[in-house]
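The structure appears right after this line, and notes come after that.
Proteins get letters first, then strands, A, B, ... in listed order; numbering begins at 1 in each. Since this is a predicted model, take the numbers as computed values, not measurements.
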Number of protein chains: 2
Amino acid sequence: MEDGKLKVRAVDRALDILLCFTRKESLSLTEIAGEVELHKSTVHRLMTTLEEKGFVSRDASTEKYRLGIKIWELSAHLSNTDDPALLLLPSMEKLRDELDETVSLYVLDGRERLRIQAVQSNQAIRRVAPVGARLPLYVGASSKALVAFSSEREQEHILSDPIWPDSVSRTAFRDQLRVIRARGYAMSVEEREQGATSVAAPIFDLKGNLAAALSVSGPLARLPVEKLESYAPLLMERAREMGMMIRG
Amino acid sequence: MEDGKLKVRAVDRALDILLCFTRKESLSLTEIAGEVELHKSTVHRLMTTLEEKGFVSRDASTEKYRLGIKIWELSAHLSNTDDPALLLLPSMEKLRDELDETVSLYVLDGRERLRIQAVQSNQAIRRVAPVGARLPLYVGASSKALVAFSSEREQEHILSDPIWPDSVSRTAFRDQLRVIRARGYAMSVEEREQGATSVAAPIFDLKGNLAAALSVSGPLARLPVEKLESYAPLLMERAREMGMMIRG
DNA sequence: ATTTACGTTTCATCATATGAAACAAAAATA
DNA sequence: TATTTTTGTTTCATATGATGAAACGTAAAT
């Protein structure tokens, strides 16, 4: 939102509209107008354009908009070759089979993290981790792994996010990051969700850049701190192996 | 480009650029400019906007553009029904609105075909196509589309059906199938019902397997052969798009 | 019957997208 | 090495086209 670069406003707005559909899968014109804070007249014009090109379509009965066929088509053409979510899926499944716990893959996206892949534990009580979920960076093992190993600049950017809740002290958070950098992995015990714990390690690509965070998570009853710690070496080794598969 | 609707040019162009990535998964600035026939200056500005929002990203080494993480995210939020009859309904309605003719969706089911979805034309004289109807495979455009693009094994199985009437020569039928495979669509003129004609194209899922057949049908008076032929390119394009929505 | 909400269209105004040109930097050529 | 070509980036004057207020039509809701 905060400008700076050389951009095209109309396009920027249209893309904002598309992104509304990551929160609700079906929206009316006025809902969209409210969401992006634009006059319905403007939104209507933009929607016509998006619809004409097939990026959104209208539900015949409810008249609401939803994502269109062209999004399907584009998603089918995401580079399968070096898309980490697909590339690393087999490795994740292998790790899941070894530990029988839910394994997730996250990337930094702005001031949030995005779960780009997940494989579920087969156990009856398990963490359910939907792919595509967008989560805050101030809680969770994966968050800490991602922030701890990103650049100074990026860390400052993330920590300066006004969204950051007062309950989370930035100084304490920074202290944690130092520990995490030192030992190479992060843990969380009921930080984001009641009864859920998790260990996470960073994945660096071949060029040494932070590419993602890999986490193993489950119910506290099955994954107490000692267990998380015992899984850490294997997790870090797998994360290192996976990094070898990513060009950058 | 030459449509006369109420559209926003800058957005239209940006979307065209995104769609370039359905043809090549990685493109340089000048390649894109050539593809969409715009000055590189304009494309550069649009790319900056798209990149800023995460709809495209640049390969660190080659400097080329590729689809970005936001496309990933949007695709993760696409309606997650895997029932083709529901999934493809909006697309079928759109096609119906474009042509104002009845649009149907068929799948192979043993030695028959099954109409799993249909949307009716709004015209007074129209084909009425009930969902759930089970029909023979030896007549009708959809039948021929389904058989022509199924596997050798399956074709033999279907053609060896004793139900096959003597009036339909299997040799002639095989010849027709060859033509259909070559041009990509099938037609029928009063084959199954008096006064009814139809064009049909196969739908392949993301793995390339035959998933269904899409047909447009109506009264002979309104849909003579020339009209059917003129609808074929649009039909095939829509069928291709729909296939992008089916995992397999 | 009246009000409220929503989608759509129109239109005068000026913000803004545009593309030519110039620029820098890197390949490709000699 | 010098020279040419190619590619990405920035600048800027211009008019084109995006904008949003207002008005309209229609359908729900009261």
Side-chain angles (χ1 to χ4, degrees), chain A residues 1-21 24-68 207, chain B residues 1-21 23-68 90 93-94 97-98 122:
Chain A
M1 268 300 200
E2 67 279 15
D3 52 274
K5 285 288 175 185
L6 167 75
K7 299 191 299 179
V8 179
R9 191 178 61 168
V11 174
D12 204 68
R13 289 171 162 184
L15 299 180
D16 274 333
I17 288 175
L18 279 179
L19 292 175
C20 289
F21 293 93
K24 294 212 105 212
E25 91 169 26
S26 148
L27 291 161
S28 73
L29 185 74
T30 29
E31 283 173 327
I32 297 168
E35 198 77 35
V36 296
E37 293 176 308
L38 289 173
H39 289 251
K40 54 182 181 162
S41 181
T42 305
V43 173
H44 179 260
R45 204 169 340 101
L46 293 170
M47 292 314 287
T48 310
T49 313
L50 287 168
E51 190 181 5
E52 190 102 345
K53 276 260 140 54
F55 280 72
V56 301
S57 66
R58 297 188 92 157
D59 191 290
S61 49
T62 68
E63 290 254 290
K64 287 191 166 191
Y65 291 95
R66 50 179 49 222
L67 291 174
K207 287 177 186 156
Chain B
M1 264 298 209
E2 56 273 36
D3 295 322
K5 285 287 175 185
L6 178 67
K7 299 193 301 183
V8 179
R9 191 178 61 170
V11 174
D12 204 66
R13 289 171 162 184
L15 299 181
D16 274 333
I17 289 175
L18 280 178
L19 292 176
C20 289
F21 293 92
R23 274 159 267 139
K24 296 211 103 212
E25 80 174 29
S26 155
L27 291 161
S28 73
L29 184 74
T30 32
E31 283 173 327
I32 297 168
E35 198 77 35
V36 296
E37 294 177 308
L38 289 172
H39 290 251
K40 53 181 179 163
S41 181
T42 305
V43 174
H44 180 261
R45 204 168 340 101
L46 294 170
M47 292 314 286
T48 311
T49 313
L50 287 168
E51 190 179 6
E52 191 105 341
K53 275 258 141 56
F55 280 72
V56 301
S57 65
R58 299 188 92 158
D59 191 289
S61 49
T62 68
E63 291 253 291
K64 287 192 165 190
Y65 291 95
R66 50 182 49 223
L67 291 174
E93 288 169 333
K94 212 178 145 209
D97 293 339
E98 286 177 289
N122 294 314

Could you tell me the separation between the CZ atom of B:R9 and the P atom of D:dG17, rounded to a whole number of Å? 4 Å
Looking at the side chain of B:R13, which of C:dG19, C:dC6, D:dT19 is the nearest nucleotide? C:dG19
Of all the choices, D:dG20, D:dT9, C:dG7, which nucleotide is nearest to the side chain of B:Y65 once you look at every atom? D:dT9
To the nearest Å, give me how far apart CE (A:M47) and P (C:dG7) are. 10 Å
Rounding to an integer number of Å, can you tell me how far A:D12 CG sits from D:dT19 C1'? 16 Å
Whole-Å distance, B:E63 CD to D:dT9 P, equals 6 Å
For the pair A:K64 and A:E31, evaluate salt bridge (Lys or Arg N to Asp or Glu O under 4.0 Å) and give the outcome as yes or no after the intermediate values. CA-CA 10 Å; A:K64 287 191 166 191; A:E31 283 173 327; 3.6 Å; yes
Report yes if some heavy atom in the side chain of B:F55 is under 4.5 Å from a heavy atom in the side chain of A:L18; otherwise report no. yes
A:R58 (side chain) and C:dG7 (base): donor-acceptor pair under 3.5 Å: no
Tell me what B:T30 touches on the nucleic acid: a base, only sugar-phosphate, or nothing, going by heavy atoms under 4.0 Å. sugar-phosphate
When you measure from the side chain of A:S41, which nucleotide among D:dG20, C:dG19, C:dG7 comes out closest? D:dG20
Expressed in angstrom and rounded to an integer, what is the separation of A:K7 atom NZ from D:dT11 atom C1'? 19 Å
For D:dG20, take OP1 and OP2 only and decide whether either is under 4.0 Å from a side-chain N or O of A:T42. yes
What nucleotide, of D:dT10, C:dT18, D:dT19, holds the atom closest to the side chain of B:A10? C:dT18
Less than 4.5 Å apart, any side-chain heavy atom of B:Y65 and any of B:E51? yes
Among the candidates D:dG8, C:dG7, C:dT18, find the nucleotide nearest to the side-chain atoms of B:R45. C:dT18
Does any non-hydrogen side-chain atom of A:D16 lie less than 4.5 Å from one of B:K53? yes
Could you state the atom-to-atom distance from CG of A:D59 to C1' of C:dG7 in whole Å? 16 Å
Starting at CG of A:L27 and ending at C1' of C:dG7, how long is that distance when rounded to a whole Å? 15 Å
Side-chain N,O (A:H44) to OP1/OP2 (C:dT8) below 4.0 Å: yes
Would you sort out whether A:V56 and A:F21 count as a side-chain contact (heavy atoms from CB on, under 4.5 Å), showing the intermediate values? CA-CA 10 Å; A:V56 301; A:F21 293 93; 4.2 Å; yes
With respect to the side chain of B:V8, which nucleotide from D:dA18, C:dT18, C:dT8 is positioned closest? D:dA18
Starting at CG of B:L29 and ending at P of C:dA25, how long is that distance when rounded to a whole Å? 18 Å
